[in-house]
There are 2 protein chains.
Amino acid sequence: MVRTTKQRAAIAEALRRAARPLLPSEILSEAQQSVPNLNLATIYRNLNLLIEERLVASVHLPGQPARFEIAGHHHHHFHCRQCDKVFDIHACSSAISQLAPKGFAVDDHEVILYGRCPSCGPARQTRAARPRQARR
Amino acid sequence: MVRTTKQRAAIAEALRRAARPLLPSEILSEAQQSVPNLNLATIYRNLNLLIEERLVASVHLPGQPARFEIAGHHHHHFHCRQCDKVFDIHACSSAISQLAPKGFAVDDHEVILYGRCPSCGPARQTRAARPRQARR
DNA sequence: ATATGTGCAAAGCATTTGCGGAGAT
DNA sequence: ATCTCCGCAAATGCTTTGCACATAT
C-alpha cells in the first residue's frame, strides 16, 4: 500500500509549482527547501511511483537527461536551442497518427519542436558558430 | 584532417546496409565481421565524427539508448512496443511546425509514433498485462 | 615524419538497487 | 507491530576520455 510521506509530497509540490518539465536535480534543490536531507535516489523512486500512478509524465529530449512534469492532457514540447528550456505546447494535430504506412497500428505519438522561445527572440544570422547542444 | 580507416569504412558500411536505425552494439557485431577486434569506443568516436559531417543522424527514443542511421532526407520514426524495433516513416505533415504558439520560432521538429508494426500484428485485448517497455 | 585514429582500461553521468534503519499505518 | 519508505553507498548501463601504440597521409 502506498504511503504519504513528506518526501513524496515535496516532490509532487515542486512539480506542481513548476510551469515546465524539471530535471531530477532541479526537483531536488526545489524540494530540499522543505525536506533538507532529501536524496536523489528518493526522487527517482518517487518519480517512478508517480509515473506508474499516471500522476507524473516523463519528458525525453534527444541527447538530454529525462525531465518530469505533472501529467495533464495530451500535449507536446518545444525545446529552445538558445536557453535549453523546455515548454509545453498545448496543441496537437490528430493528422499526425496518419503518417504511418498501412500495416502499422499507431496508439500514441510524440512531437518535439525545436527553435527559439519568445524570450530568446529570433535567430541572429551574425553568429560565428551556433552553440550546439552541450555534450554531457 | 580526416583520414580513411577500415574501421570507419566498416561502421559506415554497417549503417548503409541496415534498413533501420542501429544500436552501437549492433553496429559493433556487424562491423566486426570485417574488422574483428573493432572496439565500441571507436564506434562512438566515429559516430560522433560522422554526425558532425552530417553523414549520420542519431535517433533518440524515450528511455532508450541512442540509435544511428545514415542521414537522408527529413523523416520520422515508428517504435513498435512489441518487438522494440524502430522503423523509418517517410512522411511528414508540414502543419506540425504550426503547432507552436506565436512568439516561438520553429526551425525543426521531430515526430515519434508508437504502436505495433506489421509483423507484430494488431494488439490483442486478451493479455494479462501488456509487456511494458523494458527497463534498461 | 607527423598528426590522426585505434584499442584498452578507466572515468563520467544518469539512473537503479541492496541494505539497515526510520517512519507511516 | 508491521510493512513501506528513506538515506546512503555501491552497482549498472551507456558514453566519453587518457594514454601508448599503430597507421594514413
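In the text below, chain A, chain B and the rest are named by the order of the sequence lines, each starting its count at 1.
- A distance-only check finds a donor-acceptor pair linking the side chain of H76(B) to the backbone of V111(B) [under 3.5 Å].
- Between the CD1 atom of I43(A) and the P atom of dT15(C) there is a distance of 12 Å, given to the nearest Å.
- At whole-Å resolution of the value, CD in E26(A) and P in dT15(C) are 12 Å apart.
- When the side-chain nitrogen and oxygen atoms of N37(B) are compared with OP1 and OP2 of dT6(C), none of them lie within a distance under 4.0 Å.
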**Under 4.0 Å protein heavy-atom contact, by nucleotide of nucleotides 19-25 of chain D - B base, S sugar-phosphate only** = ----BBS
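- Checked by atom type, the side-chain pair E69(A)/H77(A) shows a donor-acceptor distance below 3.5 Å.
- Going from atom CZ of R8(A) over to atom C1' of dG7(D) covers 15 Å, rounded to whole Å.
- Every residue two or more places apart in sequence or in another chain that forms a side-chain hydrogen bond (donor to acceptor under 3.5 Å, both in side chains) with H90(B) is listed here: H73(B).
- Residues L23(B) and Q64(B) form no side-chain contact, since every pair of their non-hydrogen atoms from C-beta on lies 4.5 Å or further apart.
- To the nearest angstrom, C1' of dG7(C) lies 12 Å from CG of L40(B).
- Contact annotation: Q7(A) does not reach the phosphate of dG23(C) (side-chain N/O to OP1 or OP2, under 4.0 Å).
- Taking 4.0 Å as the cut-off between side-chain N and carboxylate O, D107(A) and R116(B) do not count as a salt-bridged pair.
- Going from atom CD1 of I11(A) over to atom C1' of dC5(D) covers 11 Å, rounded to whole Å.
- The separation between E52(A) atom CD and dT16(C) atom P is 12 Å, rounded to whole Å.
- Taking atom OH of Y44(A) as the reference point, atom P of dC6(D) lies 16 Å away to the nearest angstrom.
- Ring centroid separation for the pair F87(B) and F104(A) comes in under the 6.0 Å cut-off.
- In this structure, the nucleotide among dT15(D), dT6(C), dG7(D) sitting nearest to the side chain of L38(A) is dG7(D).
- Annotation: side chain of Q7(B) is not in contact with side chain of N39(B) (no heavy-atom distance under 4.5 Å).
- Distances shown here put every side-chain N or O of N39(A) at or beyond 4.0 Å from the OP1 or OP2 atom of dC6(D).
- Rounding to whole angstrom units, CD1 of residue I51(A) and C1' of dT16(C) are separated by 14 Å.
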